[in-house]
Amino acid sequence: MTVTTRFAPSPTGYLHIGGVRTALYSWLYARQHGGRFILRIEDTDLERSTPESVNAILEGMAWLGLDYDQGPFYQTQRFDRYRDVIQQLLAQGDAYYCYCSKEELEQLRSEQLARKEKPRYDGKCRDQETANDDRSPVVRFKNPKTGVVTFNDAVKGPITVSNQELDDLIIARGDGTPTYNLTVVVDDWDMGVTHVIRGDDHINNTPRQINILSALGAKPPVYAHVPMILGADGARLSKRHGAVSVLQYREQGFLPEALLNYLVRLGWSHGDQEIFTLDELVEKFRLETVNAAPSAFNPEKLVWVNHQHIMTAAPEHVARHLRPYLEQRGIDPEAGPDLKAVVLLLRERSKTLIEMAEGSRYFYQEFEDYDAKAAQKNFKGEAAQVLATLAKQFAELTDWQADALHQVVIDTSETLELKLGKVAQPLRVALTGTGQSPSIDATLALLGRDKTLSRIDRALAFIQQMGKAKS
RNA sequence: GUCCCCAUCGUCUAGCGGUCCAGGACUCCGCCCUUUCACGGCGGCAACGGGGGUUCGAACCCCCCUGGGGACGCCA
């Protein structure tokens, strides 16, 4: 049987970072076994499912590059199939109509809670026909009353639950629509899912699902319940911890493979290796060695991982991802040096694509103002003389290359008998408007002669005005 | 409350009975490199939750406690 995994989110919000990790594990497992990966949208909750959420999921998956071989399937399009299964269960005596009202159930629950018992349906309608035409009945699955359910979880190990802990769960609502525990079972079965990889908040559902499966005469898949991701305070990761939607990470300038790399290491490791390409992960990832313990999300390490990827990825790849952030900021990548070269220059000092986009600005457009502190510190003393000297030589330079430019800077500092910093810093501020940039020769080389000369002119004018303002 | 899951530095983790007075990574702090900012290099701080067993020997196995998380919906 070909390995088949799936990711089955419900479209009731954004694509959660925790969901992404289980999707990644599922995707990796399928890919490394030459299997299939399915995307299924669990939208049976008509009240809460929205098309916007569906789009967010699809867009998130596309951005991450987690491609699926089948789907997206929508459960709302499979209602006929679920209805058939429910009828079958009813017919064979494994399910029954329940006429208990919500109020009755609520009362039962509070009584049980008062008695410090686990709230569960008491099976009132299980054996007696209490048909009541005034209300539309739900359908309940007839869970075995005795025995235990055991399964060997691929990450948690063997888990056993007594059937006495399980009640008769609702598989069809009063309006006839199916509920989650029925639809997952039917879908995973129909779609030939061999490995169900999901959050461990589903552990408690698993025995019920296995019981339904066996009532249907189907063999259960392998289950792998991966632990939840926690926030810094140890509570389940949620909105109040900051960004939890994948798309927010895209907005913040993360590379998709970096996010994935960070997420895979949350609960899994391969020796001391921290940085993985996607291909390496497909090769090295092992479901069986995923930790059973939950782990906390650490944004600082994510930033570090992102930086590592920015530094090591192919420059054209980074450039391609950088473009949207440039456009967002009104920076035209055609109005200056080749983007790849800029990436090469900036990648060691850009932890995110946002930082890189901001840092590349002066290559493509004129900056508004000089950084006040930088100007004050560096546009004084012999700065004007330095800049004028440099400008003269730059104008005459035949070979506009980093080495030659470097030599000009050195020569100038020697002729004027100034320390290198006294030459390079004023020039840096003149060219970039700020006190920090990549090495001055590389910056000059990429900026080109025209922009260099015009910016030195501008700086000279600015310095003159500063002088006037003072006197 | 009941049931289920979990437990090594602040965080992510290595460790799978002796080679561990516990290794790596992030963060933080020093130093070095350096024309700025970075990258990088070197060094430092920092952990086996507690108690019982088992064993010649336990971070590793078992039990209890404690702590954390999850489930208990006509949500998924």
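Just so we're on the same page: letters track the sequence lines, and every chain starts at 1. Only this structure's heavy atoms are used, side chains among them; waters, hydrogens and symmetry mates stay out.
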Would you measure the distance from the P atom in B/U27 across to the matching atom in B/C20 and give it in whole Å?
27 Å
Sticking with atom P, work out how far B/C5 lies from B/C65, rounded to a whole angstrom.
15 Å
Separation between the C1' atoms of B/A58 and B/A76, rounded to whole Å
43 Å
May I ask you to say what A/K422 touches in the nucleic acid, namely base, sugar-phosphate or nothing, with a heavy-atom cut-off under 4.0 Å?
nothing
Name the nucleic acid region contacted by A/E117, choosing base, sugar-phosphate or nothing; use a 4.0 angstrom heavy-atom cut-off, strictly under.
base
Just the rounded figure in Å: distance from P of B/C74 to CD of A/E103.
12 Å
CD of A/E274 versus P of B/U11: gap in Å, rounded?
16 Å
Under a 3.5 Å cutoff, is there a donor and acceptor pairing between the side chains of A/Q425 and A/R428?
yes
How far, in whole Å, is B/C9 from B/G49 if one measures between their C1' atoms?
14 Å
Are any of A/R208's side-chain N or O atoms less than 4.0 Å away from OP1 or OP2 of B/G73?
no
Taking any strand in view, what nucleotide pairs with B/G18 in a Watson-Crick or G-U wobble way, both distances under 3.5 Å?
B/C56
Looking at the base of B/A71, is there any donor atom on it, or on the side chain of A/N205, that sits under 3.5 Å from an acceptor on the other one?
no
What integer distance in Å separates A/M228:CE from B/A7:P?
16 Å
Separation between the P atoms of B/C39 and B/A25, rounded to whole Å:
15 Å
Does B/C37 have a Watson-Crick or wobble mate here (both distances under 3.5 Å), and if so which one?
none
A/R198 NZ/CZ over A/Y223 ring centroid, <6.0 Å and within 45° of normal:
no
Starting at atom OH of A/Y97, determine the distance to atom P of B/C74, rounded to an integer number of angstrom.
18 Å
Rounded to whole Å, CZ of A/F297 lies from C1' of B/C26 at a distance of 13 Å
Within 45 degrees of the ring normal and closer than 6.0 Å to the centroid, is that where the cationic atom of A/R40 sits relative to A/Y68?
no
Hydrogens and angles aside, do A/N211 and A/N143 bring a side-chain donor and acceptor to less than 3.5 Å of each other?
yes
Are A/E288 and A/R286 within salt-bridge range, i.e. N to O under 4.0 Å?
no
For a quick test of reading the model: is some side-chain N or O of A/T44 closer than 4.0 Å to OP1 or OP2 of B/A76?
yes
Calculate the interatomic distance between A/I229 atom CD1 and B/U11 atom P; express it in whole Å.
16 Å
Base of B/C37, side chain of A/R349 - is there a donor-acceptor contact under 3.5 Å?
yes
Verify the contact: side-chain N or O of A/R347 to OP1 or OP2 of B/C39, cut-off strictly under 4.0 Å; return yes or no.
no
If the glycosidic angle sits within 90 degrees of zero it is syn, else anti. Tell me which applies to B/C39.
syn
Please give the nucleotide sitting opposite B/G1 as a Watson-Crick or G-U wobble pair, both distances under 3.5 Å, or none.
B/C72
Please state the P separation for the pair B/A47 and B/C63 - nearest whole angstrom.
28 Å
Rounding to a whole Å, what distance do you find between A/N291:CG and B/G15:P?
9 Å
Rounded interatomic separation in angstrom, taking CH2 from A/W304 and P from B/G10
20 Å
If you compare every side-chain N and O of A/S269 against the phosphate oxygens of B/A14 (OP1, OP2), does one of them come in below 4.0 Å?
yes
Can you check the distance between B/U66 and B/C56, where both ends of the measurement are the P atom (answer in whole Å)?
32 Å
Is a donor on one side and an acceptor on the other found under 3.5 Å between the side chain of A/R455 and the backbone of A/L431?
yes
Find the partner of B/C42: check Watson-Crick (N1-N3 plus N6-O4 or O6-N4) and G-U wobble (N1-O2, O6-N3) distances, both under 3.5 Å, and reply none if neither fits.
B/G30
Expressed in whole Å, how much space separates the P atoms belonging to B/G70 and B/C31?
44 Å
Donor-acceptor side-chain pairing of A/T412 and A/T415 below 3.5 angstrom
no
Which nucleotide, in any strand shown, forms a Watson-Crick or G-U wobble pair with B/G67, with both distances under 3.5 Å?
B/C6
